[in-house]
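Provided herewith is a single structure, encoded as structure tokens, for subsequent inquiry.
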Amino acid sequence: TLTILTTFTPSTSLNISKLLPFRRLFMSPSTTKSRVVGPPTGLTGISSAPSRSKTTKAAKARRLAAKIPPPPPPLPSAFPPESFLPKPFFTQEVLHSSSKPGSKARVTRITTPHGSFLTPSFVAVATNGALKALTIPSARKSKQDLIFCNSYHLLLQPGPEVIKEAGGIHKFMGMREDDGTMKPIITDSGGFQVFSLKYGTVYEDLKTDNRSGSFNSDLDPKISQKGTQKGTQKGELKRAAQKKIPTRRTNPVKVTEEGVIFTSYRDGAKVLLTPESTILAQKDYGSDIIIPLDELPSYDTSLEDLRKSVDLTHRWEGRSLIEHYKNVKNQAIYGVVHGGVSKEIRSQSLDYLSGLPFDGFAVGGSLGGNREEMKEMLEYVMGEYRVIEETKFGRSKPVHLLGIADESSILQTVSLGIDTYDSCFPTRLARHGTLLTRSGKLHIKSSKHSKSYGIPIDEECECETCKRYDRAYLNHLLKAKEPVFYELATQHNLRYMNDLMEGIREKIMNDEI
């Protein structure tokens, strides 16, 4: 069951001990007593901020709770034997493993209830259940076979119950079997967005996607929290200079053993997210691949705090997995490997999670402050994982790299055997007038393109944009701020990324990577 606090009177102080055990509670406006009001159907916010006053009794309860050691993470014995068996609704077939010396690259076919796709593949991010400026049929024309949606945003708007009543996330987004647009969807736990709120006074900019996905001037907070030297981190999160929701001066995120309480960027309400509740939300979405709740420590977290964070993440992931197996609903679940920039802790995370019945794995958390550090850590993690896959699983399981999918990072790491990459990188670039081509990035707003008649974005591209429109027209559309530009540019950039992955798969098949 699910713990949800729905209403607090202004004079009521927030007592985390009241969140135990996992139950849905309702705090009446006229009383501080709680009562159970039925089965959980989704997440509900705390409508008003609690009082700053802290009673002696509440303070003692918190001190007592702090002295109680956390429970150990679930052991493999906590799961039924059949949960470790291959799932007929989710399979990975290895079509070819590269024989090039030193390469672990492979081409596989992953099959889900809503279709199959080849790997290595790029995963486009549909933050709010929509690809920015692009319809599902247009995405299909761009060869987009796998989409990533964000639970955090969908949780706050429109809510899991709305998506469930609509028939699930696929139908809600307009995917159809009869026109070939039905494709697999991954949803995350919402943890990335929630913990990003810890790093400064920020708000969610709904005009951008959720991950920068590259090691350029726009550093991704999931990769590095050191700072950006000059300026601020961009991408999903921006400094709240343009708009602020009034909040208390305390951190907008409060982490406990039971879960995380955060402030909604939409209305300032308090929302509780637990390992169980995020799984239940993703059950309502009906996505093909789901991700458990994990904590996001910063790049410069101390080794001691990093260990505590990873231990908490393991307990959360174990609880998420227990909730998942109560009602699998033909969904695959990936474990998220953490450990920051510590190889020792990464190994411990791999060792623990690989002993649980996850259907695949994702590499998350900070991987370093630059691309070189990232590659070194991924080489280590993937090397360890391949040994585990051969000795412990006896079969392949997919590996997803969370939030990184710029072209340079893909080319540097695909030989390690990573199967899927997600990022808003190409769609975000498109909306800012940067187009991807085989000869490098093209800044279409430049005046030198204003009279480039008859010249497409990329001579080799077969996308609808390149077949019909030239650079001069696109230059005009962007300068005139015509909305159709964003559709045409996004359609091209997605097609470019999927052509890139298609070329990579061909090279692996030929043992060139």
Side-chain angles (χ1 to χ4, degrees), residues 1-8 13-27 34 36-37 39-47 49-50 58 61-62 65-66 68-74 150-156 159-160 187-199 247 250-265 268-285 290-297 305 308-326 333 335-336 338 364-365:
T1 56
L2 170 65
T3 302
I4 302 171
L5 299 184
T6 55
T7 307
F8 273 92
S13 52
L14 179 62
N15 186 347
I16 299 301
S17 65
K18 291 181 180 178
L19 303 183
L20 296 171
F22 285 99
R23 305 168 70 189
R24 187 181 181 206
L25 302 178
F26 175 77
M27 301 298 292
S34 61
V36 179
V37 296
T41 57
L43 295 179
T44 306
I46 300 172
S47 62
R62 284 192 295 274
I68 300 175
N150 300 116
S151 286
Y152 173 79
H153 297 286
L154 296 175
L155 166 68
L156 300 178
T187 52
D188 63 3
S189 67
F192 170 75
Q193 288 79 21
V194 169
F195 286 104
S196 293
L197 296 173
K198 292 178 67 175
Y199 305 111
T247 60
T250 55
N251 195 306
V253 175
K254 184 175 182 63
V255 181
T256 73
E257 184 65 34
E258 295 312 310
V260 55
I261 297 172
F262 65 95
T263 302
S264 168
Y265 65 86
K270 296 288 184 179
V271 181
L272 170 65
L273 192 65
T274 70
E276 291 79 7
S277 67
T278 186
I279 293 297
L280 290 172
Q282 292 180 84
K283 295 297 177 184
D284 286 346
Y285 301 150
I290 64 177
I291 307 292
L293 184 64
D294 55 342
E295 187 180 23
L296 174 65
D305 287 341
K308 292 179 180 178
S309 173
V310 174
D311 287 344
L312 176 62
T313 285
H314 287 170
R315 295 193 294 273
W316 282 358
E317 291 194 56
R319 284 166 50 191
S320 296
L321 198 59
I322 290 174
E323 187 65 37
H324 167 67
Y325 276 107
K326 291 178 181 178
I333 184 170
V336 184
H338 275 276

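Quick note: residue numbers are just sequence positions, from 1.
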* **Contacts of Pro72 that satisfy side-chain contact (heavy atoms from CB on, under 4.5 Å) - sequence neighbours left out** => none

* Please report the shortest heavy-atom distance between Phe262 and Leu273, naming the atom on each side. => CE2-CB, 4.1 Å

* For Ile291 and Ser189, work out which heavy atoms get closest and say how close. => O-CB, 3.4 Å

* If you round to the nearest 0.5 Å, how far is CD1 of Ile290 from OG1 of Thr187? -> 6.5 Å

* Structure fact -> Closest non-hydrogen contact found for Arg315 with Pro74 is O-CD, 4.3 Å

* Over all atoms of both residues, closest heavy-atom pair of Lys283 and His324 -> NZ-ND1, 2.7 Å

* Compare all side-chain heavy atoms of Glu258 with those of Glu276 and state whether any distance is below 4.5 angstrom. => no

* Kindly give the heavy-atom pair with the smallest separation between His153 and Tyr265, and that separation in Å. => ND1-OH, 3.1 Å

* Structure fact -> Applying side chain to side chain donor-acceptor pair (under 3.5 Å) to Ser309 and not counting sequence neighbours gives Glu295

* State, yes or no, whether a side-chain contact exists between Leu155 and Tyr285 at a heavy-atom distance under 4.5 Å. => yes

* Euclidean distance, Asp188 CG relative to Thr278 OG1, rounded to 0.5 Å -> 7.5 Å

* Structure fact -> In terms of heavy-atom contacts, Leu312 and Thr256 come closest through CD1-O, 4.4 Å

* Output the distance between atom NE2 (His314) and atom CG (Leu321), rounded to the nearest 0.5 Å. => 12.5 Å

* Asked: Do Val336 and Pro292 touch side chain to side chain, with heavy atoms closer than 4.5 Å?
  -> yes

* Structure fact -> CD1 of Ile279 to NZ of Lys326, rounded to nearest 0.5 Å, is 11.0 Å

* N/O donor-acceptor pair under 3.5 Å between Ser320 side chain and Trp316 backbone -> yes

* Sidechain-backbone polar pair: Thr263 side chain, Gly268 backbone, donor-acceptor under 3.5 Å -> no

* Whether Glu323 side chain and Leu280 backbone form a donor-acceptor pair below 3.5 Å -> no

